[in-house]
Amino acid sequence: MDILIPDGWLREFLKTNATNKEVAKYLSLCGPSIEKTSKTENGDIYSIEVTTNRMDTASVYGIAREASAILPRFKKNAKLVNLEQKSSYKFVSKVKYLNSDINSKLCPRFTAVLIKNVMLAESPKILKERLTQSGIRPINNIVDISNYIMCELGQPVHTFDYDKINNHLMILRESNKDEKITTLDDQSYILSGGDIVIEDGTGKLIDLCGIMGGKLSAVSETTKNVLLFVQNYNPAYIRKTSMKLAKRSEAASLFEKGIDSEQVKTGILRAIDMFVKLTKGIPEKEILDLYPYPYKEKTLKIGLDEITNKLGIEISKKDISDILNPLGLILSWQKNTLKVSIPSFRSMDINIPEDIIEEVARIYGYHNLPSVLMPGVIPDKPNSLPFTFEDKIKNILKGYGGCEVYTLSLVSKNNTFEGSLRLNNPLGPESEYLRTTLIYSLKEAAMENSGEKEPFHFFEMANVYIPKTNNLPDEKMTLAGIFANTKFREAKGIIESLLNELNIKAEFIQEELKDFIPGQRIAIKSGGKEIGELGNLENGNLIYYEFDTARLKSLSQDFVKYISITQYPPQIEDVTISFPEKTKIGEVIKLITDNSKLITNIELKDIYKDNYTFTIWYQDPTKNLTDREVAEIRNKIIQSVKAKFGGQEH
Amino acid sequence: MREEIINCKNQALAQIMSSSDSNELEGIRIAYLGKSGKLTSLIKGIKDVPEEDRGQIGILINQAKNTVIEEIANKKNSLSISSRKWFDPTIPGIKPKVGHLHLVTSAIREISDVFEKIGFVRVRYPEVEWDYYAFGGLNFPVNHPARDDWETFFVDTIENSKYGPMLLTPHTSSGQLREMERAKPPIRMINIAKCYRRQSDVSHTQMFHQFEGLVIDKGISIVNLKGTLDYFAKNFFGNNRVARIRPYHFQFTEPSFEVDISCDICQGKGCRLCKEGWLEIGGAGMVHPTVLKNGGIDPNKYSGFAFGWGVERVLMMKSGLNIADLRLLYSTDLRFLKQF
């Protein structure tokens, strides 16, 4: 949460010889981060990021308290000026001027006081200046007082026109479904239930608690009597309402993080003093205070050795005390054990001994700690990690001219298979499902580049999420790719070479599946099991392939068996054979190779009309083949090809 | 024989002298040094020379051969450019087809290289997770805003009675408990994975990548975290860079830190791109004792630290790439992808 703190206001509570630059630098190192210091004619303004656990620092006073603990560590004088409060008021659980029914689960502490005969006017110059610097527009003295207290203490304050509260009754409860309220800013809402609201004696809603007051009871120019109203609320309710209605306010962003109950008292007393001074109003002597479970101070114990071990340095008991005392913590040492009593304003963030270590370490200064890599034993790696193998595949495909993409795993219903996992709260229908295939994502990727006329090849390696009953989905690392403007033989060649480089022996078997042109999909199998697929996609002139990376890894060999190099060179020759239409050349090649063990390699070299030229390697590892021996094999080839496929030698 | 060799050589040299282009020179080379060239035949004839003279004759022939080769080369070089064999060194080469790895892949490789050198084990844990690993077990209170429908994606399926709702992990921190369940200390983990958050604008994508470091051992202190951060700063960003930590707040670490890396543009003086000389990189902290307990590790015996940062963030910081809209990183526009 970001807040603006004017330097002049800060220095009302912080007496220090530190310059503005020093304040900003030292606070950032040891406490709340000062993101920026802006110069204005009325002095500097600090933009400060307050973490959600430290709402006690989301105010001018809170920052002053932090600074008073931090600055002395940098050899700067710093003293916190205590809040002045007149305490001639009584806090009671029943008052004559207001009947109430408050649900303390929703509102842990409820305070209110009637102030009569207020005079609406403009606020004094300095007050207006400070509010403006804090990013708040001054309106009139009554509204400005509320905002001033909020900036000064981090405690939101609200005011009602007392005479508009029917029967002077307030019932604080959860809203019901379809109840209506119009807020101060003239916005009307139909509530969905479960919001904190106040109804008056006639059952009308007069406050959307913690978010914004209702219009019905709003203070106006004719207001004479004001009900001053200071509370804290159950933070979860406030956040829910604020998010549901998309209604953000300064008050809501404080309430939704939780506010110290003890501070509510300080808040109402400061506000009464300001009302007396600025509106000439006359407050009742009795303040309604409903606080059924008051704060009980908690204590923590921590050993000196725990502190030094976590910090990684030696630090003395005196240093620790000097660091913690200015933070408002109450300390006592029993030998080497420190007992710390936690005041209410730190009760939300200090819960365990480690929280005390944090306080010591940050005020000591993280920048003052040395920086040393840990010694110790290096852990063992688990067996068979996939990363090296995955990288190898990516490198190979890049080497073949592939271009890697990362596409969103969240897809529309049309872009995944039936039965895919669905999100409850997607950002939109186009990212509602967890994909179980990359086919549609890559198809889309290729289509997006339909202006490209040159061949291109996209590939992606990403998890797909295969649903399982009553369990997390199976996250299958999937390798997929798509070719555009590419001949099928070229695409297939890349897949064949990839499998070759991975030393995987696979068969290509024609098997149909949806999304592919009938008869133009190949199942890639190894040991009878499908490990991937390749084929021409229906519409779009695209070629797609997909593999299960884990399966590839289990089949891949890092090294192949060494075959000793024979001293007898092969005889290599080209043979051209013409075939009738619709001959499957893959089967021809298999038949040719099956003819003799001495055929060690065969490549399809050229196709011209129906003539296919093969380069054939004949080799015997034990001797030189004679021309006659080669001719014999060749004749066998020609005859077998003629018999089975009707092929004619040229 | 001796005379024959000298004559042959002189004859060759005379022809070389009077030649005027490279074709002619090639003819001379073949006539003297080719398979059946004059000098070659003389070399072949050496076996008929009486044995006592053979050594000297051999040397003489070799000298003659070397002189002829040398002179042909000299003459070639001295020929005017127009009469040399035409060669164009400016013609562009025929390039192999070049592929491209995605920027995120390159960044992930660099990050894991840096950490693996100091004994971190790279792992990967579920991207679709139970609430327990992402939040509950990491000490997030029930009503924490991160567990809202507005921040985290939830899967439409039945809740697990033990682990709660199924969700898309919003951070790699969900790997912390998984790692503690897999291995006993000493632990040095680097978990790099896809994460998802319910956000999409110029600086956020609903899918992104994080890397999570986790170290657990006896006596691990803030000093060791600082050491690791400095090591990363130097080895990933450059030797002149350092890291610093500032107070922050996370549910699963105590104390928690915000980590900054010194800015290399202004050398720490403060400039337009940084904050007073520092660039924010992400969060870190000492592992919360409750988290250690949830992972089955005794917080009285062991302590640890963790950090989790965006891969995209460190990539932008390192490369100086000025991509105004981070969503471009996950686009499939060839014009973008081909640049890297």
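The sequence lines fix the lettering, A, B, ..., with proteins before strands; numbering per chain opens at 1.
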Identify which part of [X] has an atom lying under 4.5 Å from any heavy atom of chain A, answering side chain, backbone, both or neither.
X      : answer
B/K194 : side chain
B/P185 : neither
B/V215 : side chain
B/F257 : side chain
B/P186 : both

Looking at B/R124 and A/E390, is any side-chain nitrogen of the basic one under 4.0 Å from a carboxylate oxygen of the acidic one? yes
Before accepting this row, confirm whether a basic side-chain N of the pair A/R239/B/E151 lies closer than 4.0 Å to the acidic partner's carboxylate O.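 Here A/R239 pairs with B/E151 in a salt bridge, since their nearest N and O are under 4.0 Å apart.
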Do you know the tightest heavy-atom contact between [X] and [Y]?
X      : Y      : value
B/V128 : A/Y465 : CG2-CD2, 3.4 Å
A/P375 : B/R188 : O-NH2, 3.3 Å
A/N424 : B/V155 : ND2-O, 3.6 Å
B/G119 : A/P379 : O-CD, 3.7 Å
B/L334 : A/C403 : CD2-SG, 4.4 Å
A/Y366 : B/S256 : OH-O, 4.4 Å

Side-chain heavy-atom pair [X], [Y] within 4.5 angstrom cut-off:
X      : Y      : value
A/R54  : B/P247 : no
A/F458 : B/L337 : yes
A/L373 : B/N224 : no
A/L427 : B/R198 : yes

Donor + acceptor pair across side chains of [X], [Y] (<3.5 Å):
X      : Y      : answer
B/R246 : A/S28  : no
B/S303 : A/K310 : no
B/Y125 : A/E475 : no
A/S33  : B/Y248 : no

Apply the test side-chain contact (heavy atoms from CB on, under 4.5 Å) to residues B/H102 and A/F459: give CA-CA distance (whole Å), side-chain angles for both, the deciding distance (0.1 Å), then the verdict. CA-CA 10 Å; B/H102 198 271; A/F459 70 93; over 6 Å; no
Candidate pair B/L168 and A/L410, rule side-chain contact (heavy atoms from CB on, under 4.5 Å), full reasoning: CA-CA 10 Å; B/L168 303 192; A/L410 307 175; 3.7 Å; yes
Side chain / backbone / both / neither for [X] at chain B, heavy atoms under 4.5 Å:
X      : value
A/N53  : both
A/A446 : neither
A/M477 : side chain
A/S441 : neither
A/L369 : both
A/A445 : both

State the [atom1]-[atom2] distance between [X] and [Y], to the nearest 0.5 angstrom.
X      : Y      : atom1 : atom2 : value
B/T253 : A/E358 : OG1   : CD    : 8.0 Å
A/L472 : B/N160 : CG    : CG    : 8.0 Å
A/N471 : B/Y163 : CG    : OH    : 10.0 Å
B/H100 : A/E404 : NE2   : CD    : 11.5 Å
A/L423 : B/T152 : CG    : OG1   : 11.5 Å
A/N395 : B/L101 : CG    : CG    : 6.0 Å

Within the side chain of B/D230, is there an N or O that forms a donor-acceptor pair under 3.5 Å with the backbone of A/S371? no
May I ask you to decide if A/V372's main-chain N or O and B/K226's side chain share a donor-acceptor pair within less than 3.5 Å?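 Checking the backbone N and O of A/V372 against the side chain of B/K226, no donor-acceptor pair under 3.5 Å is found.
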Quick check: are there more than 12 heavy atoms from other residues, nucleotides or ligands sitting under 6.0 Å from [atom1] of [X]?
X      : atom1 : value
A/K25  : NZ    : no
A/K240 : NZ    : no
A/E314 : CD    : no
A/K36  : NZ    : no
A/D380 : CG    : no

Which one, [options], leads in non-hydrogen pairs under 4.5 Å with chain B?
options                        : value
A/L311, A/I313, A/N309         : A/L311
A/G365, A/P370, A/S431, A/G312 : A/P370
A/I378, A/L29, A/I357, A/D391  : A/D391
A/E359, A/E35, A/E256          : A/E35
A/A24, A/G402, A/P353          : A/G402
A/G399, A/G451, A/P382         : A/P382

Between [options], the one whose heavy-atom pairs under 4.5 Å with chain A are most numerous:
options                        : answer
B/K97, B/R182, B/R109, B/Q199  : B/R109
B/T157, B/V104, B/L103, B/L329 : B/V104
B/D217, B/D148, B/N143         : B/D148
B/E127, B/M286, B/R244, B/M207 : B/E127
B/V98, B/L225, B/I187          : B/V98
B/F305, B/Y196, B/F120, B/Y231 : B/Y196

Determine the interplanar angle of the A/Y406 and B/H209 rings, folded into 0 to 90°, and report it as parallel if under 30°, tilted if 30 to 60°, perpendicular if over 60°. perpendicular
Kindly indicate, with the supporting measurements, whether the criterion side-chain contact (heavy atoms from CB on, under 4.5 Å) is fulfilled by A/I352 and B/H288. CA-CA 10 Å; A/I352 54 169; B/H288 197 287; 3.3 Å; yes
For side-chain contact (heavy atoms from CB on, under 4.5 Å), just list the numbers for A/T407 and B/T332, CA-CA rounded to whole Å, side-chain angles, deciding distance to a tenth of an Å, and then say yes or no. CA-CA 7 Å; A/T407 59; B/T332 50; 3.6 Å; yes
